[in-house]
Amino acid sequence: MDWRHEDDGEIGFTADPTVQLGVPTAAYREAVDTLHRELTDTMGQRVEELEHHGGLPHVHLDVALVRRGHERRRHWLTKNLECCPQTDWDTVRRSGC
């Protein structure tokens, strides 16, 4: 895993601008799955709060649209992990990216 960050002055990072780190694939996938599950669960709770209690006074919010968007995002990871991109890794390696 490679990380490259050019400081644009907008967001500060405590890590070096360039980091290279090896992570076992299974551990990386588990971390991604955990983040996705925890994030979507928390978002789902927020959507339920909106459905039951409404939003801020004088703010029109289409709660049904918010729910549909959340449901799409909730299934995004599974859907995209089933996709098999045809990446030419030799070309990527030669490009130096």
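All figures in this text were calculated on a predicted structure; none of them were measured in a lab.
- Looking only at side-chain heavy atoms (C-beta outward), Arg74 and Arg37 stay at 4.5 Å or farther from each other.
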Practice item. Show your reasoning for whether side chain to side chain contact (heavy atoms under 4.5 Å, CB included) applies to His36 and Thr78. Key: CA-CA 10 Å; His36 182 262; Thr78 302; 5.8 Å; no

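- Tyr28 and Leu77 fall within the same hydrophobic cluster, where Ile, Leu, Val, Met, Phe, Trp and Tyr residues are linked whenever their side-chain heavy atoms come under 4.5 Å apart, directly or through other members.
- From Ser95, atom OG reaches atom CG of Asp90 across 11.0 Å, with rounding to the nearest 0.5 Å.
- Atom CD of Glu51 sits in a crowded spot, with more than 12 heavy atoms from other residues, nucleotides or ligands closer than 6.0 Å.
- One finds the NE2 atom of His75 at 9.0 Å from the OG1 atom of Thr40 (value rounded to the nearest 0.5 Å).
- Both Val32 and Trp76 are assigned to one and the same hydrophobic cluster, defined by single-linkage of ILVMFWY side chains at heavy-atom distances under 4.5 Å.
- Rounding to the nearest 0.5 angstrom, the gap separating the CZ atom in Arg29 from the OG1 atom in Thr25 is 9.5 Å.
- In this structure, Arg93 CZ and Asp88 CG are separated by 9.0 Å, a value rounded to the nearest 0.5 Å.
- Around NE2 of His52, the count of heavy atoms belonging to other residues, nucleotides or ligands within 6.0 Å does not exceed 12.
- One hydrophobic cluster, built from ILVMFWY side chains closer than 4.5 Å, holds both Leu81 and Val23.
- A salt bridge (charged side-chain N to carboxylate O under 4.0 Å, His left out) with Glu71 is found for one member of Arg68, Arg73, Arg67 and no other, namely Arg67.
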